[in-house]
Amino acid sequence: MTPRETKIAKSILDALHELDGGQAHALTIHGEIGGLGLCSSVEFDSVLAALDRQKLVLFVATKFKGRLWNITDAGEAARLQMQ
(Lines give C-alpha, C1' and ligand atoms only; values in the text may rest on other atoms or scores of the structure.)
Protein backbone atom coordinates (compact mmCIF):
# COMPACT_ATOMS: atom_id res chain seq x y z
CA MET A 1 0.00 0.00 0.00
CA THR A 2 1.09 3.54 -0.67
CA PRO A 3 1.39 5.94 2.29
CA ARG A 4 -1.92 7.51 1.26
CA GLU A 5 -3.67 4.15 1.10
CA THR A 6 -2.18 3.25 4.47
CA LYS A 7 -3.59 6.48 5.94
CA ILE A 8 -7.04 5.65 4.56
CA ALA A 9 -6.76 2.04 5.79
CA LYS A 10 -5.80 3.22 9.28
CA SER A 11 -8.77 5.58 9.31
CA ILE A 12 -11.11 2.77 8.27
CA LEU A 13 -9.74 0.41 10.91
CA ASP A 14 -9.95 3.14 13.57
CA ALA A 15 -13.58 3.85 12.68
CA LEU A 16 -14.47 0.16 12.86
CA HIS A 17 -12.58 -0.20 16.14
CA GLU A 18 -14.68 2.59 17.65
CA LEU A 19 -17.83 0.57 16.93
CA ASP A 20 -16.70 -1.80 19.71
CA GLY A 21 -17.84 -4.96 17.97
CA GLY A 22 -20.63 -3.30 16.01
CA GLN A 23 -21.09 -3.21 12.27
CA ALA A 24 -21.43 -0.34 9.82
CA HIS A 25 -22.34 0.22 6.20
CA ALA A 26 -19.50 1.36 3.91
CA LEU A 27 -21.14 4.77 3.38
CA THR A 28 -21.27 5.31 7.14
CA ILE A 29 -17.61 4.38 7.50
CA HIS A 30 -16.62 6.70 4.65
CA GLY A 31 -18.48 9.53 6.33
CA GLU A 32 -16.89 8.76 9.69
CA ILE A 33 -13.37 9.02 8.31
CA GLY A 34 -13.95 12.38 6.65
CA GLY A 35 -15.83 11.49 3.50
CA LEU A 36 -14.74 13.11 0.27
CA GLY A 37 -12.49 15.45 2.26
CA LEU A 38 -10.17 12.52 2.95
CA CYS A 39 -10.59 10.36 -0.14
CA SER A 40 -12.80 9.72 -3.12
CA SER A 41 -15.29 6.87 -3.05
CA VAL A 42 -13.15 5.00 -5.58
CA GLU A 43 -10.10 5.23 -3.30
CA PHE A 44 -12.19 4.25 -0.29
CA ASP A 45 -13.68 1.21 -2.06
CA SER A 46 -10.24 0.14 -3.27
CA VAL A 47 -8.71 0.31 0.21
CA LEU A 48 -11.71 -1.41 1.80
CA ALA A 49 -11.41 -4.23 -0.76
CA ALA A 50 -7.68 -4.54 0.01
CA LEU A 51 -8.45 -4.76 3.73
CA ASP A 52 -11.05 -7.43 2.98
CA ARG A 53 -8.57 -9.46 0.88
CA GLN A 54 -6.09 -9.31 3.77
CA LYS A 55 -8.83 -10.46 6.20
CA LEU A 56 -8.44 -7.30 8.30
CA VAL A 57 -12.13 -6.53 7.91
CA LEU A 58 -15.11 -8.66 7.02
CA PHE A 59 -18.68 -8.10 6.02
CA VAL A 60 -22.00 -9.71 6.67
CA ALA A 61 -24.46 -9.51 3.80
CA THR A 62 -27.88 -8.51 5.12
CA LYS A 63 -31.17 -8.73 3.33
CA PHE A 64 -32.19 -5.08 3.73
CA LYS A 65 -29.08 -3.09 4.67
CA GLY A 66 -26.54 -4.53 2.23
CA ARG A 67 -23.04 -5.30 3.47
CA LEU A 68 -22.25 -4.41 7.07
CA TRP A 69 -18.54 -4.27 7.88
CA ASN A 70 -16.61 -4.96 11.05
CA ILE A 71 -12.98 -5.30 12.07
CA THR A 72 -11.33 -8.68 12.67
CA ASP A 73 -8.79 -9.57 15.34
CA ALA A 74 -6.10 -9.38 12.67
CA GLY A 75 -7.40 -5.91 11.78
CA GLU A 76 -7.13 -4.84 15.41
CA ALA A 77 -3.51 -5.99 15.48
CA ALA A 78 -2.71 -4.26 12.17
CA ARG A 79 -4.38 -1.05 13.38
CA LEU A 80 -2.06 -0.93 16.38
CA GLN A 81 1.00 -1.41 14.14
CA MET A 82 0.06 1.35 11.67
CA GLN A 83 1.39 4.83 12.36
So, taking the atom named CD in Gln23 and the one named CD1 in Ile71, what distance separates them when rounded to the nearest 0.5 Å?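 The CD atom of Gln23 sits 13.0 Å away from the CD1 atom of Ile71.
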To the nearest 0.5 Å, what is the distance between CG (Asp14) and CD (Glu32)? 11.5 Å
Side-chain donor/acceptor pairs under 3.5 Å, residues 51-69, sequence neighbours excluded:
from, atom 1, to, atom 2, distance (Å)
Thr62, OG1, Lys65, N, 3.0
Thr62, OG1, Gly66, N, 3.0
Thr62, OG1, Gly66, O, 2.7

Are Ile33 and Leu27 connected in a single hydrophobic cluster, I mean Ile/Leu/Val/Met/Phe/Trp/Tyr linked by side-chain heavy atoms less than 4.5 Å apart?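 In one cluster: no.
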Mark yes or no for whether Thr6, through its side chain, and Thr2, through its backbone, hold a donor-acceptor pair below 3.5 Å. yes
For Lys7, does the NZ atom sit with more than 12 other heavy atoms under 6.0 Å from it, leaving out its own atoms?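 Check fails, neighbour count at 12 or below.
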Could you please spell out the steps behind the side chain to side chain contact (heavy atoms under 4.5 Å, CB included) verdict for Cys39 and His30? CA-CA 9 Å; Cys39 62; His30 192 203; 3.7 Å; yes
Ser11 to Leu38 - nearest heavy-atom pair and separation: OG-CD2, 3.9 Å
How close do Leu48 and Ala26 get, heavy atom to heavy atom, and via which atoms? CD2-CB, 4.1 Å
For Leu13, which of Glu76, Glu18, Met82 qualifies under side-chain contact (heavy atoms from CB on, under 4.5 Å)? Met82
Please lay out, stage by stage, how Asn70 and Leu19 fare under the test side chain to side chain contact (heavy atoms under 4.5 Å, CB included). CA-CA 8 Å; Asn70 59 347; Leu19 294 175; 6.0 Å; no
Would Arg4 and Glu43 satisfy side chain to side chain contact (heavy atoms under 4.5 Å, CB included), going step by step from the backbone distance to the final call? CA-CA 10 Å; Arg4 178 166 173 75; Glu43 285 179 299; 2.7 Å; yes
